[in-house]
Amino acid sequence: MTIQHRTVDIEAAAKLWRDDLSASQIAKRFGVSRNVIVGLAFRNRGLFPWRGDAAKKTRALGQAKTARPRKLAPELKREPEIPATAYDAERLQSAKLLHHLSASECCWPLNTGGPYLFCAAETTGRYCRNHHARSLPKNEGKA
């Protein structure tokens with residue numbers, strides 16, 4: 001216990017607390033900081049009853065601020081699913097979980113439900129040749 005705590009009479013502080021004085025007002029009377037009084041009230045809850053929000057006298061009675069209406073988030077569109085091919089079904093036999101892939105294996109997902117399995121074909125890039133070609137947009141009607 002520090003010297004500041006010894007200068008505060010807990011019983012007297014509790015009586016002032018019950019008389020509805022704020023922690024700052026009690027602290028001024030004893031010549032200590034507000035935090036000393038708050039700490040005493042916290043450690044001696046039986047002597048310092050909880051006041052709730054009713055003790056907040058600083059809130060002015062009147063109109064409360066009205067919240068601004070929030071803008072709704074735009075609805076997200078689902079990406080179209082890329083249908084599985086015969087190649088995907090063939091690769092499913094040697095598929096791996098993501099944390100088992102090395103840097104030189106294709107990371108194209110083969111299934112839509114967990115646990116997710118990935119192609120794992122040897123490659124020099126991110127995807128094998130087949131999946132790399134499928135990942136590029138189609139040039140439909142463009143010359």
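Values reported hereafter were calculated over all heavy atoms of this structure, with side chains retained and with hydrogens, waters and symmetry mates removed.
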Nearest 0.5 Å please: distance from the CD atom of Glu90 over to the CG atom of Asn130. 9.5 Å
Contacts satisfying salt bridge (charged side-chain N to carboxylate O under 4.0 Å, His left out) that involve residues 115-128 (not counting sequence neighbours) are none
Please give me the minimum heavy-atom distance between Ala95 and Leu110, naming the atom from each residue. CB-CD1, 3.8 Å
Apply side-chain contact (heavy atoms from CB on, under 4.5 Å) to the pair His132 and Arg129, showing each step before the final yes or no. CA-CA 5 Å; His132 179 71; Arg129 277 187 164 176; 5.7 Å; no
Residue list, side chain to side chain donor-acceptor pair (under 3.5 Å) with Arg134, at least two apart or on another chain: Thr85, Asp88
Residues Phe118 and Cys106: closest non-hydrogen pair is CB-O, 4.3 Å
Any side-chain heavy atom of Pro109 within less than 4.5 Å of one from Leu117? no
Selection residues 83-116 - residue pairs positive for ring pair (Phe, Tyr, Trp, His ring centres under 6.0 Å), sequence neighbours left out: Tyr87-His131, Trp108-Tyr127, Trp108-His131
Mind listing the closest non-hydrogen atom pair of Leu101 and Ala120 along with its distance? CD2-CB, 3.6 Å
Closer than 3.5 angstrom, by distance alone: can the side chain of Trp17 be matched with the main-chain N or O of Ala23 as a donor-acceptor pair? no
Nearest heavy-atom pair of Cys119 and Cys128: which atoms, and what distance? SG-SG, 4.1 Å
Under 3.5 Å: donor-acceptor pair, side chain of Arg43, backbone of Val38: no
Please report the shortest heavy-atom distance between Ile26 and Ala13, naming the atom on each side. CD1-O, 3.9 Å
Show me the pairs that pass salt bridge (charged side-chain N to carboxylate O under 4.0 Å, His left out) and involve residues 93-121, at least two apart or across chains. Lys96-Glu105
Phe48 vs Leu16, side-chain contact (heavy atoms from CB on, under 4.5 Å): CA-CA, chis, key distance, verdict: CA-CA 9 Å; Phe48 293 82; Leu16 294 172; over 6 Å; no
Would you say the side chain of Leu21 lies within less than 4.5 Å of the side chain of Arg29, judging by non-hydrogen atoms? yes
Which Ile, Leu, Val, Met, Phe, Trp or Tyr residues join Leu136 in one cluster when any pair of side-chain heavy atoms under 4.5 Å counts as a link? none
Applying a strict under-4.5 Å side-chain criterion to I, L, V, M, F, W and Y, I'd like to know whether Ile10 and Val32 cluster together. yes
Keeping the roles fixed (side chain from Arg34, backbone from Lys28), state whether a donor-acceptor pair exists under 3.5 Å. no
Does Glu75 have any side-chain contact (heavy atoms from CB on, under 4.5 Å) partners at least two apart in sequence or in another chain, and if so, which? none
